[in-house]
Asks: 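Let me begin by handing over the structure; questions about it come next.
These figures come from a predicted structure and were not determined experimentally.
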Amino acid sequence: LCETIGVPVATRRLAVDRETLKAAVESIGRPCIIKPVDSPALLFGGKAVIVGVGVDVDTVAPSWPAEHDRLCIQRFVTGRRHNVVFAAQAGRVVGAVEFRAVRTDRVDHTGYSTVVRSVRPTPSIQAASEVLLARLEYTGIGMLQFMLDEKTGEPSFLELNPRLGGTSGAAEACGLPICRLMLDLGLGRPVTTIADPW
């Protein structure tokens, strides 16, 4: 869907076994990242694993993980994860705050965010978020995640979480009443928006 509507996403391939995993890594090139597709289960103890330059796949992924039917192999984007906590009604953003992950629970930054900092909306992330939510005609709250390439400034879509997450508390602290908006949108109540919901 992202490719169809022009939301940037880093080159990726899917793998269903060891053979297609190794072929995907060779096709994408190193560095790349391996992450789950369908299951919330961890992958070798983490959310993702990085295959660095000169690193053999067997070193970071010694076997096919039984809890995963498919894996995504994606071009590695050098930069930090940006989370957009948002509320939308019929595809229109009614409130949003963007955060940059300062620290995660893993030293390679592939883990869960433990420290975030609110940032001014990145124009390319704002535009991608609005296009995607409009296309989905999204109503409700959620969190969009992007990697932001530190060299080019180009975002790469990671995922959309249609729920409250750990960063939701930070959004409340920044003035976005995400919990009230979740209830109002869920109950079909009118939602008042400001001129610039970002």
Side-chain angles (χ1 to χ4, degrees), residues 1-12 14 28 31-43 46-50 68 70-88 91 93-136 138-174 176 178 181-182 197-198:
L1 175 62
C2 286
E3 290 172 343
T4 302
I5 62 176
V7 172
V9 59
T11 305
R12 71 208 179 287
L14 295 180
I28 296 292
C32 65
I33 194 159
I34 304 171
K35 58 188 180 180
V37 175
D38 302 312
S39 170
L42 294 178
L43 179 64
K47 290 175 68 175
V49 294
I50 298 170
H68 296 286
R70 299 186 303 164
L71 296 174
C72 177
I73 299 79
Q74 196 164 28
R75 178 180 57 81
F76 185 81
V77 177
T78 303
R80 295 297 175 111
R81 186 167 56 231
H82 283 238
N83 299 336
V84 176
V85 177
F86 70 89
V93 175
V94 296
V97 180
E98 182 178 335
F99 297 94
R100 180 173 58 89
V102 175
R103 186 180 305 143
T104 75
D105 63 354
R106 294 184 59 108
V107 76
D108 65 2
H109 299 288
T110 62
Y112 297 98
S113 298
T114 56
V115 177
V116 296
R117 176 175 290 131
S118 60
V119 297
R120 291 186 185 279
T122 305
S124 55
I125 289 177
Q126 180 179 347
S129 299
E130 290 176 348
V131 165
L132 182 57
L133 295 172
R135 175 61 174 81
L136 293 171
Y138 196 102
T139 294
I141 55 90
M143 182 176 70
L144 288 156
Q145 292 187 321
F146 296 86
M147 290 299 296
L148 189 64
D149 190 303
E150 63 188 24
K151 294 175 183 162
T152 67
E154 181 180 356
S156 176
F157 174 78
L158 291 177
E159 62 187 34
L160 187 159
N161 296 295
R163 57 174 169 75
L164 290 176
T167 312
S168 300
E172 288 275 353
C174 288
L176 179 66
I178 196 71
L181 286 166
M182 176 181 66
W198 291 80

Asks: Might you point out which heavy atoms bring L133 and L160 nearest each other, and give the distance in Å?
Replies: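 Result for this residue pair: CD2-CD1, 4.1 Å.
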
Asks: Would you compute the distance between atom CD of E154 and atom CD1 of I125 and round it to the nearest 0.5 angstrom?
Replies: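 Between E154 CD and I125 CD1, I get 11.0 Å after rounding to 0.5 Å.
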
Asks: About how many Å separate OG of S156 and CZ of R75, when rounded to the nearest 0.5 Å?
Replies: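 Rounded to the nearest 0.5 Å, the CZ-OG separation comes to 6.5 Å.
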
Asks: Please report the closest heavy-atom contact between A48 and K35, naming both atoms and the distance.
Replies: CB-CB, 3.9 Å

Asks: Rounded to the nearest 0.5 Å, what's the gap from OG on S113 to CZ on R103? Could you check?
Replies: 11.5 Å

Asks: Go through F146 and V77 one step at a time and tell me if the side chain to side chain contact (heavy atoms under 4.5 Å, CB included) criterion holds.
Replies: CA-CA 10 Å; F146 296 86; V77 177; over 6 Å; no

Asks: Does H82 reach the main-chain N or O of L144 with its side chain, forming a donor-acceptor pair under 3.5 Å?
Replies: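 No: the side chain of H82 does not pair with the backbone of L144.
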
Asks: At their closest point, which heavy atom of C72 faces which heavy atom of V37, and how far apart are they?
Replies: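 Smallest interatomic distance, heavy atoms only, reads N-CG2, 3.5 Å.
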
Asks: Say whether, by atom type as modelled, one donor and one acceptor occur between the side chain of Q145 and the main chain of L158 under 3.5 angstrom.
Replies: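 Side chain of Q145 to backbone of L158: no pair is present.
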
Asks: Taking all atoms of both residues into account, what is the closest heavy-atom pair of G153 and S124, and its distance?
Replies: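 Taking every non-hydrogen atom into account, O-OG, 3.7 Å.
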
Asks: Any idea which heavy atoms bring A171 and F99 closest together, and the distance?
Replies: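 Nearest heavy atoms, A171 then F99: N-CZ, 3.5 Å.
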
Asks: Counting N and O atoms only, with roles assigned by atom type, does the side chain of E172 sit under 3.5 Å from a partner on the main chain of I178, one being a donor and the other an acceptor?
Replies: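 Yes.
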
Asks: Verify the neighbour count for atom CZ of R135: are there more than 12 heavy atoms of other residues, nucleotides or ligands below 6.0 Å?
Replies: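 No, the 6.0 Å shell around CZ holds no more than 12 heavy atoms from other groups.
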
Asks: Would you compute the distance between atom CZ of R163 and atom CE of M143 and round it to the nearest 0.5 angstrom?
Replies: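 Atom-to-atom, R163:CZ and M143:CE are 6.0 Å apart.
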
Asks: Got a salt bridge between R81 and E159, using NZ or NE/NH1/NH2 to carboxylate O under 4.0 Å?
Replies: no

